[in-house]
Amino acid sequence: MALINYSSREIHCKIVYYGTGLGGKTTNLEYVHKQLSPTIRGEMVSLNTANERTLFFDFLPLDLGSVQGFRTKFSLYTVPGQVEYNASRKLVLNGADGIVFVADSQIEKMQENVESLKNMEENLAEYNMTLDSIPWILQYNKRDLPNAASMDELERAMNSRGVPSYEACAYDGQGVFQTLKAISKEVLNRLT
Amino acid sequence: MLNPQLTSLIVTTEGLKSIKDILNKLRDETKARYILLVEKSGQMITSVGEESPFSMPLSALIAGAFASTREIAKLLGETEFNVMFQQGKTRNIYISALKTQDLLTVVFDESAMLGIVKLKTKQVTEPLSDEIASMLYKK
């Protein structure tokens with residue numbers, strides 16, 4: 001659902017980071033915000049609970065250069081991961097052009113990851129979208145933890161469609177930009 | 001070549017001009033500080049009046065807040081609340097949903113009158129909706 005403005009020659013796209021609670025979605029956005037120059041990124045807005053958990057969404061606008069003479073502007077959003085905030089999660093997905101599913105690599109989070117992916121599929125269906133109709137990629141976060149499941153196990157559990165997947169430690173930035181670059185490329189490829 | 005088939009809204013130069021004409025007239029009539037037209041996914045289509053450095057996050061938050069009230073309406077057994085008004089000490093905001101579900105957002109201060117804002121905003125929702133609908137790509 002990109003917005004293409006021929007008058008200002010800009011393309012606006014919306015990317016949503018989805019996944020379980022405490023999986024590292026907000027950390028991804030915070031790292032991007034911290035690393036990029038203020039000339040190409042806007043201020044990050046976070047709607048949090050008192051204990052710093054995402055209540056509604058985080059929002060970060062970025063300017064990612066030009067494609068075919070159009071400036072590409074991306075809005076990054078996260079959703080609240082906790083199960084009870086599904087209504088908010090569904091609202092944030094409205095109009096998404098691409099999704100990064102942030103899976104928590106810890107072996108004990110495997111079931112939660114699978115359930116969250118299923119939940120994402122159900123919420124997409126409300127907007128008449130499927131995992132085959134929208135560009136999405138996987139990020140296996142927290143790869144540095146000792147209890148991280150193997151990539152084979154994660155791929156088997158999460159990636160039956162064979163979408164691009166990336167390893168990350170969002171806390172120290174590993175894989176964060178690789179993921180962002182991959183999803184923005186997937187989204188723009190759909191438009192050209 | 002950009003493929004319009006995979007997009008939902010293609011803003012053309014002519015379309016944008018018609019929209020801006022409507023918004024500028026609305027701003028003159030209401031004495032609003034500025035007016036934002038926000039697409040339902042939270043992206044700003046255009047604005048008139050004072051330039052706000054926060055128009056992008058403002059658009060995202062407006063879409064979020066409005067989407068949230070829409071869900072509240074459903075839980076109360078309403079089809080939707082189609083307007084939302086927030087009153088501050090010096091600034092007020094009046095948001096009205098268009099037929100296309102996009103949001104017309106009027107930011108005004110004490111020099112404007114709420115009644116006029118309500119009336120004039122209501123009068124332009126139809127022509128604005130038609131302008132946007134004509135730029136929507138239909139699958």
Side-chain angles (χ1 to χ4, degrees), chain A residues 1-16 38 41-47 55-63 67-70 72-77 79 85-98 126-128 133-135 187-192, chain B residues 1-21 37-48 52-75 80 97 100-103 131-132 135-139:
Chain A
M1 277 207 190
L3 193 159
I4 300 184
N5 190 328
Y6 275 87
S7 184
S8 58
R9 299 199 72 79
E10 287 175 351
I11 300 176
H12 294 255
C13 302
K14 176 173 179 177
I15 292 174
V16 177
R41 55 117 173 115
E43 279 313 304
M44 183 161 160
V45 175
S46 293
L47 302 182
L55 174 65
F56 197 166
F57 57 76
D58 303 297
F59 166 76
L60 176 63
L62 297 177
D63 197 332
V67 171
Q68 295 180 24
F70 280 74
T72 58
K73 297 199 161 204
F74 285 82
S75 296
L76 309 187
Y77 286 78
V79 298
Y85 292 150
N86 192 46
S88 321
R89 254 196 309 279
K90 199 165 67 189
L91 296 180
V92 178
L93 273 182
N94 193 3
D97 297 297
E126 303 246 352
Y127 297 111
N128 296 319
S133 69
I134 184 165
V187 168
L188 289 174
N189 276 347
R190 284 280 174 113
L191 295 176
T192 51
Chain B
M1 187 60 197
L2 291 161
N3 179 1
Q5 306 204 356
L6 294 165
T7 63
S8 63
L9 182 60
I10 296 177
V11 182
T12 58
T13 308
E14 306 78 49
L16 190 66
K17 191 186 171 299
S18 310
I19 287 174
K20 280 204 161 198
D21 287 348
L37 187 58
V38 179
E39 202 246 335
K40 55 186 171 292
S41 64
Q43 331 218 42
M44 188 179 76
I45 299 171
T46 191
S47 68
V48 298
S52 166
F54 306 113
S55 51
M56 278 189 84
L58 207 51
S59 303
L61 290 168
I62 286 165
F66 204 88
S68 173
T69 61
R70 189 176 287 136
E71 290 302 306
I72 293 170
K74 277 188 202 159
L75 296 178
E80 70 166 357
T100 50
Q101 300 297 315
D102 303 306
L103 303 169
E131 281 296 341
I132 295 177
M135 297 194 293
L136 275 177
Y137 177 74
K138 294 178 188 70
K139 282 190 179 173

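Source: prediction; values computed, not measured. Hydrogens, waters and symmetry mates play no part in the numbers below; they use all other heavy atoms, side chains included. Labels below follow one simple rule: chain letters A, B, ... track the order of the sequence lines, proteins then strands, and each chain is numbered from 1.
Of all heavy-atom pairs spanning Asn5(A) and Ile45(B), the tightest one is ND2-O, 4.0 Å. Minimum heavy-atom separation, Leu3(A) to Met44(B): CD1-O, 4.3 Å. Closest heavy-atom contact between Gln43(B) and Asp97(A): NE2-OD2, 4.3 Å.
The distance from atom NZ of Lys40(B) to atom CG of Asn94(A), rounded to the nearest 0.5 Å, is 7.0 Å. We find the CE-NZ distance between Met56(B) and Lys73(A) to be 5.5 Å, quoted to the nearest 0.5 Å.
The shortest distance between side-chain heavy atoms of Leu9(B) and Ile4(A) does not fall below 4.5 Å. Taking the side chain as every heavy atom from C-beta outward, Phe54(B) and Val45(A) never approach each other to under 4.5 Å. Between Pro57(B) and Glu43(A) the shortest side-chain heavy-atom distance does not fall below 4.5 Å. Under the 4.5 Å side-chain criterion, counting only non-hydrogen atoms from C-beta, Val11(B) is not in contact with Tyr6(A).
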**OP:** I would like to know whether Phe57(A) and Leu61(B) meet side-chain contact (heavy atoms from CB on, under 4.5 Å); could you show each step before the answer?
**Re:** CA-CA 9 Å; Phe57(A) 57 76; Leu61(B) 290 168; 3.9 Å; yes
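Interface residue Leu47(A): only side-chain heavy atoms are found under 4.5 Å from chain B.
Between the side chain of Lys14(A) and the backbone N or O of Ser41(B), at least one donor-acceptor pair lies under 3.5 Å.
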